[in-house]
Amino acid sequence: MTTISIREVGPRDGLQNEAPVPAAAKVELIDALSATGVRRIEAVSFVHPKAIPQMADADEVWAKIARDPDVRYSALVPNVRGAERALAAGFTEVEVVVSASDTHNRKNINRSTEESLAELPALIELLHAGGASAELIIATSFGCPYEGDVDPGRVAGIVERAIGMGVDKVSFGDTTGMATPRRVRDVLTRVARERPLLCHFHNTRGTGLANILTALELGVTQFDASVGGLGGCPYAPGATGNVATEEVVHMLADMGYETGIDLDRLVEAAELAQRIVGRELPSGVLRAGPRYRTIA
Ligand code: MG
């Protein structure tokens, strides 16, 4: 049986794209997720509170969760300052984001892609010296909301350079849900495989699960997903964002893949996420229940 590693990103990527919620609710959600059997959770990001007020309480949330020894928790950082905060908080897995498209990178962190890549070696060195692994997330890997199509060769070039800089893992972000199976194939067949590859798909245009299947066929075994499909799309109000974890687990489990996640508990966590944000979340498995729940 093939094991697929799911990283739950709802508490960070999900809640960062929702209206702010109290720290206590975040703690409750992370603890509920830790109890589902998921082995990796992206818990917080260390960003400037003025830039992203939703994550201003990262230290408090991290201090208050019940840390499950079977779960690896990670943090996302935009720069050296964020990396220092993540290390000070005791994180041993840290993610750094660079966008494949210049315009998105400028809108996100006010630098060109090249300028961000120039800062990457120092960031990786800092994280390694502090005992943490460094994962590079390449945002807009499959398309950019400002520039349109992104050349897979450009993405492959970034991967090559990042590996040369000593990055431990590379993740491909479909930031605004522009990927299709064809584009997933275009990128994944071009990039170097010297480090573990992860995929982070959005379901903005309904292709999330199809993209995961395509990546699976190409040997990727690590995926990000967000409980309930938490986290809208910041560029398209009302649109769906991250693929829903329970939809991914539901499909993979029935196909014979092992994720370690208890689907019923995960659906309960999705119900909690829905109560926390106070809006109906887009997950079909949350609405309809798993396929094995027959009518009494
Ligand atoms: Mg996302």
Participant: For Glu95, is there an ion pair with Arg7 - N to carboxylate O distance below 4.0 angstrom?
Facilitator: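 Between Glu95 and Arg7 there is a salt bridge, with a charged N closer than 4.0 Å to a carboxylate O.
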
Participant: Between Asp168 (side chain) and Ala134 (backbone), is there a donor-acceptor pair under 3.5 Å?
Facilitator: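 Here the side-chain-to-backbone pair exists.
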
Participant: Between the side chain of Glu246 and the main-chain N/O of Val227, is any donor-acceptor distance below 3.5 Å?
Facilitator: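 No, Glu246 side chain to Val227 backbone: no donor-acceptor pair under 3.5 Å.
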
Participant: Check whether any side-chain heavy atom of Leu127 lies under 4.5 Å from a side-chain heavy atom of Val96, and answer yes or no.
Facilitator: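 Result yes, sub-4.5 Å side-chain heavy-atom pair found.
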
Participant: Taking Arg193 for its side chain and Leu188 for its backbone only, find out whether a donor-acceptor pair lies under 3.5 Å.
Facilitator: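 Answer holds: yes.
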
Participant: Measuring from Ile6:CD1 to Asp224:CG, what's the distance to the nearest 0.5 Å?
Facilitator: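 Interatomic distance, Ile6 CD1 to Asp224 CG, rounded to 0.5 Å: 9.0 Å.
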
Participant: Going hydrophobic residue to hydrophobic residue with side-chain gaps under 4.5 angstrom, can you get from Ile30 over to Val38?
Facilitator: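 As far as the 4.5 Å side-chain criterion goes, Val38 and Ile30 are connected within one cluster.
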
Participant: Donor-acceptor pair, Gln274 side chain versus Leu281 backbone, under 3.5 Å?
Facilitator: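 Yes, the answer is positive, given that a donor and an acceptor are paired below the 3.5 Å cut-off.
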
Participant: Counting N and O atoms only, with roles assigned by atom type, does the side chain of Thr140 sit under 3.5 Å from a partner on the main chain of Gly143, one being a donor and the other an acceptor?
Facilitator: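 Flag not set: sc Thr140 to bb Gly143 has no pair under 3.5 Å.
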
Participant: Are any of the side-chain nitrogens in Asp70 or Arg39 under 4.0 Å away from the carboxylate oxygens of its partner?
Facilitator: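 Answer for the salt bridge query: no.
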
Participant: Check the orientation of Tyr146 and His104. Use parallel for under 30°, tilted for 30 to 60°, and perpendicular for over 60°.
Facilitator: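 Tyr146 vs His104 ring planes: tilted.
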
Participant: Please check if atom CZ in Arg287 has more than 12 non-hydrogen atoms from other residues, nucleotides or ligands closer than 6.0 Å.
Facilitator: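 Check passes, neighbour count above 12.
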
Participant: Please find out if less than 6.0 Å separates the ring center of Phe201 from that of Phe172.
Facilitator: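 Centroid distance Phe201-Phe172: not below 6.0 Å, so no.
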
Participant: Determine whether Phe223 and Leu197 fall in the same hydrophobic cluster, where Ile, Leu, Val, Met, Phe, Trp and Tyr are linked whenever their side-chain heavy atoms lie under 4.5 Å apart.
Facilitator: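 Same cluster.
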
Participant: Do Val9 and Phe91 sit in the same hydrophobic cluster, where Ile, Leu, Val, Met, Phe, Trp and Tyr count as joined when their side-chain heavy atoms come under 4.5 Å apart?
Facilitator: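 Unlinked, Val9 and Phe91 end up in two clusters.
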
Participant: What's the spacing between Met251 CE and Thr259 OG1 if we round to 0.5 Å?
Facilitator: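 One finds 11.5 Å between CE of Met251 and OG1 of Thr259.
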
Participant: Determine whether Ile4 and Gln222 make a side-chain contact, defined as any pair of heavy atoms from C-beta on separated by less than 4.5 Å.
Facilitator: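 Not touching, per the 4.5 Å side-chain cut-off.
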
Participant: Determine, using the 4.5 Å side-chain heavy-atom cutoff (strictly less than), whether Val61 and Val71 are members of one ILVMFWY cluster.
Facilitator: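 Linked, Val61 and Val71 end up in one cluster.
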
Participant: Could you grab the distance from atom CG of Leu117 to atom CD of Glu115, nearest 0.5 Å is fine?
Facilitator: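 The distance works out to 10.5 Å.
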
Participant: Let me confirm one number: the CG-OG distance from Leu136 to Ser116, rounded to the nearest 0.5 Å.
Facilitator: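 The OG atom of Ser116 is 9.5 Å from CG of Leu136, to the nearest 0.5 Å.
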
Participant: Charged N to carboxylate O below 4.0 Å: is that the case for Arg182 and Asp186?
Facilitator: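 Salt bridge present between Arg182 and Asp186.
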
Participant: Before giving the answer on side-chain contact (heavy atoms from CB on, under 4.5 Å), spell out for Leu29 and Leu33 the whole-Å C-alpha distance, their side-chain angles and the decisive distance to 0.1 Å.
Facilitator: CA-CA 6 Å; Leu29 181 62; Leu33 289 165; 3.9 Å; yes

Participant: Would one find more than 12 heavy atoms of other residues, nucleotides or ligands at under 6.0 Å from atom CD of Glu60?
Facilitator: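 Enclosed.
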
Participant: For Glu268 and Arg265: C-alpha separation, side-chain torsions, deciding distance, then whether salt bridge (charged side-chain N to carboxylate O under 4.0 Å, His left out) applies.
Facilitator: CA-CA 5 Å; Glu268 284 169 23; Arg265 282 195 173 181; 5.9 Å; no

Participant: With a 4.5 Å cut-off on side-chain heavy atoms, are Glu18 and Gln54 touching?
Facilitator: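 When only atoms from C-beta onward are counted, Glu18 and Gln54 do not touch, as no gap falls below 4.5 Å.
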
Participant: For a side-chain contact (heavy atoms from CB on, under 4.5 Å) check, start with the C-alpha distance between Glu119 and Leu123, then their side-chain angles and the critical distance, and finish with the verdict.
Facilitator: CA-CA 7 Å; Glu119 292 171 3; Leu123 204 46; 5.9 Å; no

Participant: Given the rule that I, L, V, M, F, W and Y join up when any side-chain heavy atoms are under 4.5 Å apart, are Leu76 and Val98 in one cluster?
Facilitator: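 Leu76 does not cluster with Val98.
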
Participant: Is any side-chain heavy atom of Pro11 closer than 4.5 Å to a side-chain heavy atom of Lys26?
Facilitator: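 Pro11 vs Lys26: side chains apart.
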
Participant: If we count only N and O atoms by modelled type, under 3.5 Å, do the side chains of Glu258 and Thr3 hold a donor and an acceptor together?
Facilitator: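 No, no side-chain donor-acceptor pair sits under 3.5 Å.
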
Participant: Checking side-chain polar atoms at under 3.5 Å, does Ser133 have a donor or acceptor matched by the opposite partner on Glu93?
Facilitator: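 Checked: Ser133/Glu93 side chains show no N/O donor-acceptor pair below 3.5 Å.
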
Participant: Rounded to the nearest 0.5 Å, what separation is found between the CG atom of Asn242 and the CG atom of Asn17?
Facilitator: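 Answer rounded to 0.5 Å: 7.5 Å.
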
Participant: Find out whether Leu209 and Leu213 are in side-chain contact, i.e. whether some heavy atom of one side chain is under 4.5 Å from a heavy atom of the other.
Facilitator: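 With C-beta onward as the side chain, the pair stays apart.
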
Participant: Could you tell me if the side chain of Met55 sits less than 4.5 Å from the side chain of Ile52, heavy atoms only?
Facilitator: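 The answer is yes; the side chains approach within 4.5 Å.
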
Participant: Start with the C-alpha gap between Arg40 and Leu198, add the side-chain angles, then the distance that decides, and say whether side-chain contact (heavy atoms from CB on, under 4.5 Å) holds.
Facilitator: CA-CA 13 Å; Arg40 296 186 300 143; Leu198 297 83; 3.7 Å; yes

Participant: Please step through salt bridge (charged side-chain N to carboxylate O under 4.0 Å, His left out) for the pair Lys64 and Glu28, ending with a clear verdict.
Facilitator: CA-CA 9 Å; Lys64 287 184 175 166; Glu28 190 184 2; over 6 Å; no

Participant: Quick one: does Ser226's side chain have a donor or acceptor within less than 3.5 Å of a partner on Leu230's backbone?
Facilitator: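 At least one qualifying donor-acceptor pair exists.
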
Participant: Mark yes or no for whether Asp254, through its side chain, and His250, through its backbone, hold a donor-acceptor pair below 3.5 Å.
Facilitator: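 Checking the backbone N and O of His250 against the side chain of Asp254, no donor-acceptor pair under 3.5 Å is found.
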
Participant: Taking C-beta and beyond as the side chain, do Leu218 and Thr189 meet within less than 4.5 Å on heavy atoms?
Facilitator: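 Result yes, sub-4.5 Å side-chain heavy-atom pair found.
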
Participant: Answer yes if the side chains of Asp174 and His202 hold a donor-acceptor pair under 3.5 Å, and no otherwise.
Facilitator: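 Result is no, nothing qualifies.
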
Participant: For the OG atom of Ser5 and the CD1 atom of Ile261, what is their distance to the nearest 0.5 Å?
Facilitator: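 Here the rounded value is 8.5 Å.
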
Participant: A quick test of your reading: do over 12 heavy atoms of other residues, nucleotides or ligands sit less than 6.0 Å from CG of Asp264?
Facilitator: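 Yes - once you tally the heavy atoms of other residues, nucleotides and ligands closer than 6.0 Å, there are more than 12.
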
Participant: Ignoring hydrogens and geometry, is there a side-chain-to-backbone donor-acceptor pair from Asn203 to Gly208 under 3.5 Å?
Facilitator: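 Between the backbone of Gly208 and the side chain of Asn203 there is a qualifying donor-acceptor contact (under 3.5 Å).
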
Participant: Can any side-chain N or O of Asn105 pair as donor or acceptor with the backbone N or O of Arg111 at less than 3.5 Å?
Facilitator: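 It does hold such a pair.
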
Participant: Taking the side chain as everything from C-beta on, heavy atoms only, tell me whether Leu87 gets closer than 4.5 Å to Leu126.
Facilitator: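 Yes, close enough: below the 4.5 Å cut-off.
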
Participant: For a quick check under 3.5 Å, do Glu42 and Ser74 share a side-chain donor-acceptor pair by atom type?
Facilitator: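 Side chains of Glu42 and Ser74: no pair found under 3.5 Å.
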
Participant: Between Thr176 and Met178, is the side-chain contact (heavy atoms from CB on, under 4.5 Å) condition met? List the steps.
Facilitator: CA-CA 6 Å; Thr176 57; Met178 291 172 72; 3.4 Å; yes

Participant: Compute whether any side-chain donor of one residue and acceptor of the other, for Ser34 and Tyr73, lie under 3.5 angstrom apart.
Facilitator: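 Checked: Ser34/Tyr73 side chains pair up, N/O donor to acceptor below 3.5 Å.
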
Participant: Counting distance only, does the side-chain N/O of Asp102 pair as donor-acceptor with the main-chain N or O of Thr113 below 3.5 Å?
Facilitator: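 Such a contact is found between Asp102 side chain and Thr113 backbone.
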
